[in-house]
Amino acid sequence: MEADVFKAIADPVRRDIIGLLAREKMTVKTVADHFSISRPAISRHLRVLRECGLVAIQQQGRERVCQIQPEELAPVFEWMEPYRKMWEAKLDSFEAYLEGLKKDRGEE
């Protein structure tokens, strides 16, 4: 059964793993070294990320190297787009309000 991207990123450890791998490829051991949980637990998180296509793991000699597959996050970005636009509009409105306050106080 293929894992769902949204379920995969719902877990904070998996989001942290994605963040690490977004910066560089890492071995499973290197990923595990960033966390206080067991290596088998990290392997389970990596398996979920691999099953939904967010992470590719390749055997290189004795090491397993993990690499992010960022294109698989596209559904998340598509889902978030209307919310991004809403927040940008709210922040623009707040910025205009603050600028109005500055003008009223003569603080330009």
Side-chain angles (χ1 to χ4, degrees):
M1 179 178 146
E2 192 168 303
D4 178 90
V5 172
F6 289 94
K7 287 181 183 176
I9 65 171
D11 185 281
V13 172
R14 289 193 286 266
R15 289 193 305 269
D16 289 345
I17 291 171
I18 291 168
L20 287 171
L21 296 176
R23 290 182 285 224
E24 63 183 299
K25 295 179 187 179
M26 294 183 174
T27 64
V28 172
K29 181 190 179 315
T30 305
V31 171
D33 288 345
H34 284 85
F35 297 91
S36 60
I37 60 178
S38 69
R39 188 165 171 181
I42 291 297
S43 291
R44 286 190 294 274
H45 285 296
L46 285 168
R47 185 179 68 237
V48 170
L49 293 170
R50 183 178 46 79
E51 286 174 354
C52 69
L54 288 172
V55 170
I57 301 175
Q58 295 181 340
Q59 193 75 35
Q60 292 183 357
R62 294 174 49 169
E63 302 287 342
R64 293 186 317 142
V65 178
C66 308
Q67 181 176 359
I68 191 164
Q69 304 294 301
E71 61 278 359
E72 296 302 321
L73 286 168
V76 176
F77 288 109
E78 290 169 9
W79 178 81
M80 288 177 41
E81 184 61 19
Y83 301 102
R84 183 189 64 79
K85 289 178 181 177
M86 176 192 67
W87 278 107
E88 282 180 358
K90 288 185 182 296
L91 291 172
D92 288 346
S93 176
F94 185 61
E95 182 179 24
Y97 171 75
L98 292 176
E99 290 299 320
L101 288 177
K102 282 183 181 180
K103 284 181 184 177
D104 290 347
R105 293 181 182 166
E107 297 178 12
E108 281 191 83

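In this chain, residues are counted from 1 in sequence order.
Side-chain contact between Asp16 and His34 is absent, with no heavy atoms from C-beta onward closer than 4.5 Å. Contact annotation: the side chain of Val48 approaches that of Arg14 to within less than 4.5 Å [non-hydrogen atoms, C-beta and beyond].
Between the side chain of Arg15 and the backbone N or O of Ala10 there is at least one donor-acceptor pair closer than 3.5 Å. Distance alone, capped at 3.5 Å, places no donor-acceptor pair between the Arg64 side chain and the Gln59 backbone. Judged purely by atom type and a 3.5 angstrom limit, Glu88 has no side-chain atom pairing as donor or acceptor with the backbone of Lys90.
In this structure, CD on Gln67 lies 4.5 Å from NZ on Lys25, to the nearest 0.5 angstrom. With rounding to the nearest 0.5 Å, the separation of CG in Asp4 from CD1 in Ile9 is 9.0 Å. Note that the CG atom of Leu73 and the CZ atom of Phe6 stand 9.5 Å from one another [nearest 0.5 Å]. To the nearest 0.5 Å, atoms CG (Leu54) and CD1 (Ile18) are separated by 5.0 Å. Cys66 SG to Arg50 CZ: the interatomic distance, rounded to the nearest 0.5 Å, is 10.0 Å. Between the CG atom of Leu91 and the CD atom of Glu95 there is a distance of 8.5 Å, given to the nearest 0.5 Å.
Taking each heavy atom of Val55 and Ile57 in turn, the nearest pair found is CG1-CG1, 3.9 Å.
For Gln58, the CD atom is loosely surrounded, since the number of other residues' heavy atoms within 6.0 Å does not exceed 12.
The hydrophobic cluster containing Leu20 does not contain Val65, counting ILVMFWY residues as joined when their side-chain heavy atoms lie under 4.5 angstrom apart, directly or transitively.
Listed by chain and number, the residues in a salt bridge (charged side-chain N to carboxylate O under 4.0 Å, His left out) with Arg47 are Glu51 (sequence neighbours excluded). Looking at residues two or more places apart in sequence or on another chain, you find a side chain to side chain contact (heavy atoms under 4.5 Å, CB included) between Tyr97 and Phe94, Leu101.
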If you look only at distance, which donor and acceptor atoms sit under 3.5 Å apart when one is on a side chain in residues 37-44 and the other is two or more places apart or in another chain?
from	atom 1	to	atom 2	distance (Å)
Ser38	OG	Ala41	N	3.1
Ser43	OG	Arg39	O	3.2

